[in-house]
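Here the structure comes first, spelled out in structure tokens, and everything after it is commentary.
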Amino acid sequence: MAGNASYRRDVPASKVPAIRVSGLGKTYRIGTDGDTSSTAAEAFVRWLRNPTQRHWTTFDALDDVSFEVPQGEALGIVGRNGAGKSTLLKLLTRVTAPTRGRIDLTGRVGSLLEVGTGFHPELTGRENIFLNGALLGMTRAEINRRYDEIVDFSGVEKFLETPVKRYSSGMYVRLAFAIAAHLDTEILLIDEVLAVGDAEFQRRSLGKMRDAAQSGRTVLYVSHLLHTVRDLCTSAILLEHGHLTFAGNVDDTLAAYQHSFASFAERQTNPDNRMGYGDLRFQDVSVTAGNLRSGEDIVVEYSVGQNDDLPGEFYVSAHLTDEGGATVVQCDSRLVGHWLSPKKPHDGQLVIRNLWLKPGQYTVDMFVCTTTGVQDMWEGAGRFDVRPELPYKHSVTGDGMSRGAVFADFDYQELP
């Protein structure tokens with residue numbers, strides 16, 4: 001392993017936690033010379049002209065992270081984009097090597113990090129069940145014993161003899177989760193991929209993870225959806241900019257996560273603290289009304305700078321996020337044919353109509369994107385409250401409106 005990083009898996013389970021992480025760090029080296037070479041040949045020519053010139057800097061995706069997870073505990077890992085959550089899971093599953101620190105794991109690890117991880121696209125669903133099981137250290141007899149449960153839970157029985165490259169993303173996730181959850185691993189690591197599945201599958205998956213933890217398996221769960229962390233996990237940790245800043249019970253950790261938003265939003269006003277390539281940035285973003293009734297127009301005003309050297313056009317996108325971390329709606333300018341030129345600055349506004357939001361606090365994340373990637377990602381660029389005034393004629397008890405992400409404009413009628 002790189003640096004002084006190491007793994008241990010040979011200590012008796014009765015004497016150590018299921019997972020012990022000590023001083024864990026992951027450092028990446030990234031280029032900073034502004035090289036805009038569009039082809040490998042052009043980059044090679046630049047290297048020939050300056051073979052000794054190096055323009056690199058380092059970036060700590062994780063730094064000095066330490067924690068322990070007892071056997072049978074369900075640990076939630078929360079934090080914003082870029083906090084290091086997925087990097088941590090990749091280190092724990094040996095997808096990538098740590099730069100420094102130590103990881104002690106007691107038992108076999110099953111994981112579901114992202115759609116398609118661990119699948120061979122040319123193999124059928126049935127073949128991938130056995131391949132995944134073998135990679136997890138299972139014998140063929142162990143896989144056969146759980147095979148029917150895996151197939152039944154995944155719901156892809158009709159497509160088991162079809163190469164998985166022809167699966168939809170939802171089918172991919174259902175089969176991958178079924179394999180990870182049903183094979184006999186002592187540790188189960190799940191990244192936020194369940195959002196690809198439908199609501200019923202998400203419900204069953206959360207129930208399966210809860211059953212896994214109650215049966216003595218250790219579960220690590222990464223999610224932006226705070227309500228699922230609260231439903232599933234027995235403890236949680238908060239990551240910010242690669243550092244572990246809070247660890248404790250779920251409610252206290254989620255409170256710390258939400259409390260940190262104010263300082264985070266303040267830092268995001270500085271473009272240097274935001275993610276993205278940075279060739280084009282927002283100059284300002286604001287929500288014109290900070291207090292709204294459900295169904296009122298939501299107006300977001302923004303300004304974008306210019307870059308005469310940036311080719312092509314760009315588009316903007318806005319995500320409305322609720323207090324639980326769920327993206328309620330995405331407003332992408334491509335959907336309405338709105339593209340912009342980087343050759344001049346732009347002042348614009350987004351108007352969102354007829355959206356019956358539930359009472360609570362919402363944030364607006366704004367993105368500037370080109371066909372090559374995200375130029376600016378301003379999380380928490382705006383914030384507003386929806387007042388606790390129902391858009392209906394009558395009021396009911398909580399169970400009449402507790403489900404769903406938004407209110408609906410509906411009516412019931414008798415047919416003649």
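Residue pairs that meet the side-chain hydrogen bond (donor to acceptor under 3.5 Å, both in side chains) test with at least one member in residues 405-416, sequence neighbours left out, do not exist here.
Annotation: salt bridge (Lys or Arg N to Asp or Glu O under 4.0 Å) contacts of Arg383 (sequence neighbours excluded): none. Residues passing the ring pair (Phe, Tyr, Trp, His ring centres under 6.0 Å) test with Tyr147 are Phe130, sequence neighbours excluded. Listed by chain and number, the residues in a ring pair (Phe, Tyr, Trp, His ring centres under 6.0 Å) with Phe159 amount to none (sequence neighbours excluded). For Asp322, there are no salt bridge (Lys or Arg N to Asp or Glu O under 4.0 Å) partners, not counting sequence neighbours. Every residue two or more places apart in sequence or in another chain was checked for a side-chain hydrogen bond (donor to acceptor under 3.5 Å, both in side chains) with Gln330, and none qualifies.
Leu131 approaches His120 most closely through the heavy-atom pair CD2-CB, 4.0 Å.
Just one residue in the list Thr245, Val78, Ile237 forms a side-chain contact (heavy atoms from CB on, under 4.5 Å) with Thr253, and that residue is Val78.
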Quick one, Arg210 with Asp231, criterion side-chain contact (heavy atoms from CB on, under 4.5 Å). Give me CA distance, side-chain angles, the key distance, then yes/no. CA-CA 9 Å; Arg210 189 179 297 110; Asp231 289 344; 3.8 Å; yes
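Under the 4.5 Å side-chain criterion, counting only non-hydrogen atoms from C-beta, Ile77 is in contact with Leu89.
To the nearest 0.5 angstrom, Leu88 atom CG is 6.5 Å from Leu239 atom CG. Rounded to the nearest 0.5 Å, atoms CG (Leu92) and CG (Leu24) are 7.0 Å apart.
The backbone N or O of Ser341 sits less than 3.5 Å from a side-chain atom of His346, completing a donor-acceptor pair.
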